[in-house]
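Worksheet: one structure, shown below.
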Protein chains: 2
Amino acid sequence: MIELINVCKEYKMGEDTVHALRGVNLVVNDGEFMAVVGSSGSGKSTLMHIIGGLDRPTDGRIVVDEDDLGAASDMKLSKYRREKVGFVFQSFNLQPSLTVLENVALPLVFTREHRSERKRRAEEVLELVGLGDRLKHRPSELSGGQRQRVSIARALINNPKIILADEPTGNLDSKTSEKIVDLLKEINSIRKATVIIVTHDDKIASQTKRIIHISDGGLLN
Amino acid sequence: MIELINVCKEYKMGEDTVHALRGVNLVVNDGEFMAVVGSSGSGKSTLMHIIGGLDRPTDGRIVVDEDDLGAASDMKLSKYRREKVGFVFQSFNLQPSLTVLENVALPLVFTREHRSERKRRAEEVLELVGLGDRLKHRPSELSGGQRQRVSIARALINNPKIILADEPTGNLDSKTSEKIVDLLKEINSIRKATVIIVTHDDKIASQTKRIIHISDGGLLN
Ligand SMILES: Nc1ncnc2c1ncn2[C@@H]1O[C@H](COP(=O)(O)OP(=O)(O)OP(=O)(O)O)[C@@H](O)[C@H]1O
Ligand SMILES: Nc1ncnc2c1ncn2[C@@H]1O[C@H](COP(=O)(O)OP(=O)(O)OP(=O)(O)O)[C@@H](O)[C@H]1O
Ligand SMILES: [Mg+2]
Ligand SMILES: [Mg+2]
C-alpha cells in the first residue's frame, strides 16, 4: 500500500518558490490500476517521482508497505526503487552508449541471473512492445516512439510490484498505444502489480479503474 | 515550394539496412497546413529532418524554392535552416545550461537585433505558449510539457517561412494542445507560413487542411 499524507514539494528559485505539490493526501491499495490526469505543469511527474522514491517531499509523509520513504536513507530508497518499482520516464532516460537490449537488461544486473538469462528475458519483453528487430540499435538510432517503448520494456523486466508510467504513450500512434495499455492491464490483472499511469489521453484514462485529477499541485476532490 | 522526388533514406547497420524512407514523392505548396500521420517507426521524423535540411537523402532529390538541398553544401544547408525553417523537435533539444528565455532567443542571435529586442521578442512568444512565468528556469527545472512548449516557442521566434512541428503536443493536455494548434493555425493563415505537423492525435490531424499517411517509409496513395 502507498500512502501520502499532506505531501508538499517546493522548489526555491531565488526569491520565488514553485509549489509543485501542495498537501497531497492519497492512498493507493495494492493491485490498483489508476490514471493521473492534469494539465501541463500541474505536478504529475513530481508526484510520480516521490512515489517512486526518486525524490523526497519537502514536507509531509510518504509510506509504502510500512516504510517511511521520506525518512529513509539514500541506500534504503535505492533498494526500494530497485526491488519494488518499475519507472517509465517521461523523457525515457536511456543510456546512450548501450544497445536497446543492454538498456532493457540493465535492471537485472542486480539479480543473480546469468547474463544469457538476462539477455533472453530482455529480448522477450522487447518482443512484447514490438521491438524484437531493434535489439542492437543505440537509442540515437531509434524513433521517438521506439525509445519510449524501450523505456517501457526496461520498467517491466524486473516484474516490479509498482509500475509508474509517466505519459508512456505520448509518442505512440493509437494502435501501438492500445497494445501498451493492454500490456499494462494484463500485468495488473495477472501479476497483481499496482499500476499508475500519468496520461493526457482520455481514452487511456478511461481504461483504468480509478482516475485522480491534479491541478496546480493539489488533488481535486 | 517543397518538392521531394523519389527520396530514399537508408541506415546501414552491420549487415542489415534500415529503409527509413523508400522513394517518397511529395509536393508541398507555400502556405499549406498539413499533417503527417503514421505508426511509430514509420519514417515521419526522418521525413521532417530531410525537409528541414537537418539530414540528407541517401537517394532522390529535394528541392525547396528552387534550391537543391541534397546537393547543397553544409554551409548552404545551415543558412537554409537558419533563414527559412522553424523546427520543433520530438525530443525538444533544448540547451541545458541556458534559461528558457535564452533558449528561445537563440535563433535571433544571427539577426541584427539588439539584445534587449531579442529578449522582448522571446518573452512575447513565451507568453503565447503560457510560459511567461518560467523565463528564468533551466530546462531541467521544467515539466515535460513546459519543455515542449519552449521548443515550440523557439521554432516560431524567427517568423520562419516553413514550420516543421514533430509531435508538438505529445506531452500536453488537451486544453494546452488546442492552444498550440490554434497558434499554428493563426501563423499559417496570417503569416502564410507553410506548417507541417507530425502528430499521432487524430483530433489535431483533422484540423489541418491536408493529411498525408506514411507507412514503413512510404507515402500511401
Ligand atoms: N540513425 C539511425 N540508424 C538506424 N536506424 C534508424 C536511425 N534513425 C532512425 N532509424 C530507424 O528509421 C525508422 C524511422 O524512424 P523515424 O524516427 O523517422 O520514425 P517516426 O515515424 O518518427 O516514429 P515515431 O512516431 O516513433 O517518432 C525507425 O524504424 C528507426 O528505427
Ligand atoms: N527542479 C525544478 N525547479 C523548479 N521548478 C520545477 C522543477 N521541477 C519542476 N518544476 C515545476 O514544478 C511544476 C510541476 O512539474 P511537473 O513536472 O510535476 O509537471 P507535470 O504535471 O508532470 O507536467 P507535464 O504534463 O507538462 O509533464 C512545473 O510548473 C515545473 O515548472
Ligand atoms: Mg510530466
Ligand atoms: Mg518521430
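Each chain gets a letter, A, B and so on, in the order its sequence line appears, and its residues count up from 1.
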Q: Run the numbers on Ser177(A) and His200(B) for side-chain contact (heavy atoms from CB on, under 4.5 Å), then give the verdict.
A: CA-CA 10 Å; Ser177(A) 295; His200(B) 284 309; over 6 Å; no
Q. If you tally heavy-atom pairs under 4.5 Å against chain B, which of Leu172(A), Val198(A), Asp201(A) wins?
A. Leu172(A)
Q: Please list, in residue-number order, every residue in residues 135-146 of chain B that has a heavy atom less than 4.5 Å from any heavy atom of chain A; write 'none' if there are none.
A: His137(B), Glu141(B), Ser143(B), Gly144(B), Gly145(B), Gln146(B)
Q.
Are more than 12 heavy atoms, taken from residues, nucleotides or ligands other than Arg210(B), located less than 6.0 Å from that residue's CZ atom?
A. yes
Q: Find the one option among Gly38(A), Gly43(A), Ser39(A) whose heavy-atom pairs under 4.5 Å with chain B are most numerous.
A: Ser39(A)
Q) Just checking heavy atoms, which of residues 11-21 of chain B are less than 4.5 Å from chain A? A) Met13(B), Val18(B)
Q. What parts of residues 119-130 of chain A touch chain B if we use heavy atoms and a cut-off under 4.5 Å?
A. none
Q) With only heavy atoms counted, which part of Ser45(B) is less than 4.5 Å from chain A, the side chain, the backbone, both or neither? A) neither
Q) How far apart are the closest heavy atoms of Gln90(B) and Asn171(A), and which atoms are they? A) NE2-OD1, 3.0 Å
Q) Looking at Glu167(A), Lys175(A), Arg147(A), which has the largest count of heavy-atom pairs under 4.5 Å with chain B? A) Glu167(A)
Q: Give me the contact list for residues 92-107 of chain B versus chain A, heavy atoms only, anything under 4.5 Å, ordered by residue number.
A: none
